[in-house]
Number of protein chains: 2
Amino acid sequence: MERPELPLPQLHAFVVLAEELHFGHAAARLGIAQPPLSQQIRRLEDKVGYALFSRRPGGVVLTPAGHELLPAARRVLTDLASGLAAARAIGSGRAGRLRIGFAASVALTVLPGLLRTFRQRFPDVHLDIQEMTTAPQIAALHDRTIDIGLVREPYPEAELGFRTVLREPFVAVLPAAHPLAAQPAVEVAHLADLPFVLLPRAVGPQLYDQIAGLCADAGFTPRVAQHAVEWQTVCALVKTGLGVSLAPASIRRIRLEGVAFRTIEPGTARTRVAVAWRKNDENPLVAQLLATISQGQPDGF
Amino acid sequence: MERPELPLPQLHAFVVLAEELHFGHAAARLGIAQPPLSQQIRRLEDKVGYALFSRRPGGVVLTPAGHELLPAARRVLTDLASGLAAARAIGSGRAGRLRIGFAASVALTVLPGLLRTFRQRFPDVHLDIQEMTTAPQIAALHDRTIDIGLVREPYPEAELGFRTVLREPFVAVLPAAHPLAAQPAVEVAHLADLPFVLLPRAVGPQLYDQIAGLCADAGFTPRVAQHAVEWQTVCALVKTGLGVSLAPASIRRIRLEGVAFRTIEPGTARTRVAVAWRKNDENPLVAQLLATISQGQPDGF
DNA sequence: CCGTTCCATACGCCCAGAGATATCAGATGA
DNA sequence: TCATCTGATATCTCTGGGCGTATGGAACGG
């Protein structure tokens with residue numbers, strides 16, 4: 001790619017003159033006097049090295065060389081204008097692409113409303129959303145594989161910003177046939193001797209430790225009979241009688257025959273869902289999405 | 001199409017920097033010092049309105065806006081370079097398109113050699129050749145439907161230039177079985193009582209009048225039994241015995257069983273084939289073709 | 001803690017190019 | 001023949017932008 005040789009204003013003048021085929025009219029359309037236009041065209045022809053127009057009485061005609069240059073000149077101008085417009089749209093945050101990771105349980109609570117609101121405000125933004133558990137989201141943020149994470153119980157990180165978007169209590173997940181399911185609420189201590197179905201600690205250490213902490217507070221260490229990587233699966237396993245579980249309340253949205261969700265006593269423990277982003281991310285869409293969350297919060301999606 | 005806003009040198013700097021992702025290296029590739037490059041990029045970012053690069057320790061990274069602008073900038077530069085090259089190729093006469101009309105009889109003499117030589121010298125020129133009789137060629141030149149004509153016996157025209165490329169005598173066209181065909185040469189006067197097969201006067205008035213003149217000089221007016229618009233057809237009609245004809249000597253190239261061509265006495269009359277062009281045609285290919293003809297003439301194609 | 005790397009800023013120079021006004025010159029047509 | 005329309009030329013002004021050198025400031029690595 002060598003040095004560009006033709007100034008754009010001259011190309012613009014050339015295209016307009018090629019359309020008008022009349023120096024006076026073309027100059028008027030360009031908003032300049034006629035002599036400067038003659039000069040522009042002359043300079044352009046000098047640089048090309050050949051005449052682009054035949055001056056004939058009553059107007060001008062494109063030469064073969066001019067005829068060849070015209071489509072290229074048009075492309076150059078329109079490509080530039082559209083490229084500039086697109087870059088500005090992206091720079092301003094009106095358009096672009098945002099990659100969002102989310103914990104599965106979030107899909108039941110904040111995510112749908114957030115996506116709906118954001119898409120309304122930024123219809124030209126393409127959203128790539130993918131389900132990921134908390135730990136992989138943190139890694140993906142560092143990798144720049146995603147731009148926004150919706151994580152559960154994050155622990156602070158130097159490079160990342162977090163903001164809580166939801167706090168919710170825990171519920172006990174029980175087979176519907178289990179005696180404990182007959183009560184409106186259960187004490188954590190009552191789960192002490194039952195086998196547990198939990199997510200592996202690796203996919204969300206903070207949440208895991210919090211659940212373990214609930215049990216510890218009730219005086220026992222949970223015996224994990226089975227791991228599952230999605231809450232959906234946890235419910236299914238509970239249904240089959242493999243065990244019970246403790247989970248964030250939003251899991252109630254999973255309607256599954258044969259599984260009961262019960263408030264726990266004491267009900268003070270809360271789990272947080274937070275939005276996470278790279279602090280040094282300059283993508284304006286990240287700020288836009290954070291702003292959308294801030295505004296959306298009061299309305300409670 | 002509005003005013004272009006981004007100077008090309010800045011776009012060029014942008015593309016190079018986007019490839020190098022390093023101000024120092026990019027400046028070196030551009031052959032300038034580093035501070036001017038910083039300025040170029042800064043000015044460009046000011047005009048776009050948004051940052052195109054993220055300056056980070058150890059180098060720079062494209063922002064989303066910069067990433068969007070990059071392909072457009074590349075297209076602009078390459079389109080411009082290629083368009084300019086194409087326009088110059090055409091302006092210089094190395095490439096382009098030339099529309100050539102030719103009289104049918106010319107296809108037997110000058111045309112093949114001319115085309116071959118011209119194509120050798122200008123392989124990138126597209127030649128549109130079409131057979132036309134003389135009068136339509138003149139009209140087509142005025143219409144700018146063809147650029148070059150190869151005509152027989154033209155009459156001078158103000159707007160057109162002519163140059164003779166071939167002079168040839170007339171021959172008598174006879175059925176092989178005819179008694180006159182037994183002689184090596186025939187006198188025009190001997191054709192006086194025979195029916196004639198000729199091209200209509202309208203397709204080539206000058207040639208027609210010249211043939212009629214030959215007859216008048218021999219003391220008779222030809223009785224036209226049949227018209228035909230191609231020499232090929234004339235020969236065929238002569239073969240069937242419908243009449244005889246007088247034709248340019250190049251018609252001998254038509255090898256047709258049962259038709260004889262005989263030199264005529266007196267053999268002084270000559271018919272001319274000329275190349276014709278618009279005097280005010282600025283297409284360099286026209287000049288190139290005329291030059292090719294001038295050089296080719298001595299070798300006698 | 002210091003040197004290196006990398007980019008930005010400051011300042012000055014210079015010129016290509018874009019604009020204007022005034023005028024000229026060729027072709028056309030009543 | 002003359003008025004008119006075409007575009008070209010001459011001349012001047014002004015400024016944006018491209019380039020240089022010198023210097024500043026932040027981040028990183030040993």
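Protein chains get the first letters and strands the later ones, always in sequence-line order, with residue 1 at the start of each. Everything numeric in this text was worked out from a predicted model, so none of it was measured.
Atom CD of B:Glu20 and atom C1' of C:dC6 are 15 Å apart (whole Å). The separation between A:Leu6 atom CG and C:dA16 atom C1' is 15 Å, rounded to whole Å. As rounded to whole Å, 16 Å separates atom C1' of C:dT9 from atom CD of B:Gln40. As a whole-Å value, the separation of B:Ile32 CD1 from D:dG17 P is 15 Å. Taking atom CG of B:Leu37 as the reference point, atom P of D:dT21 lies 15 Å away to the nearest angstrom. Rounded to whole Å, the distance from CG on A:Leu8 to P on C:dG17 is 12 Å. At whole-Å resolution of the value, CD in B:Glu45 and P in D:dG17 are 15 Å apart. We find that CG of B:Asp46 is positioned 13 Å from C1' of C:dA8, with the value rounded to whole Å.
Of the candidates C:dG17, D:dC19, C:dA20, the closest approach to any side-chain atom of A:Gln10 belongs to C:dG17.
Residue pairs meeting the ring-ring contact (aromatic ring centres under 6.0 Å, His included) criterion with at least one member in residues 19-63 of chain A, sequence neighbours excluded, are A:Phe14-A:Phe53, A:His22-A:His25. For residues 128-145 of chain A, the pairs satisfying salt bridge (Lys or Arg N to Asp or Glu O under 4.0 Å) are A:Arg97-A:Asp128, with sequence neighbours left out.
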Seminar exercise, completed: In 5'-to-3' order, the base (B), backbone-only (S) or no-contact (-) status of each nucleotide in nucleotides 5-16 of chain D, using a 4.0 angstrom heavy-atom cut-off, is -SBBB-B-----

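Under the salt bridge (Lys or Arg N to Asp or Glu O under 4.0 Å) criterion, B:Arg201 pairs with B:Asp209, sequence neighbours left out. Evaluation of the side chain to side chain donor-acceptor pair (under 3.5 Å) rule for B:Arg163 yields B:Ser294 as partners, not counting sequence neighbours.
Interatomic distance, A:Leu150 CG to A:Met132 CE, rounded to the nearest 0.5 Å: 12.0 Å.
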Which atom pairs, one a donor and one an acceptor, fall under 3.5 Å between side chains of residues 80-90 of chain B and the rest of the protein, sequence neighbours left out?
{"residue": "B:Ser82", "atom": "OG", "partner": "B:Thr78", "partner atom": "O", "Å": "3.1"}
{"residue": "B:Ser82", "atom": "OG", "partner": "B:Asp79", "partner atom": "O", "Å": "3.2"}
{"residue": "B:Arg88", "atom": "NE", "partner": "A:Val48", "partner atom": "O", "Å": "2.9"}
{"residue": "B:Arg88", "atom": "NH2", "partner": "A:Lys47", "partner atom": "O", "Å": "2.6"}

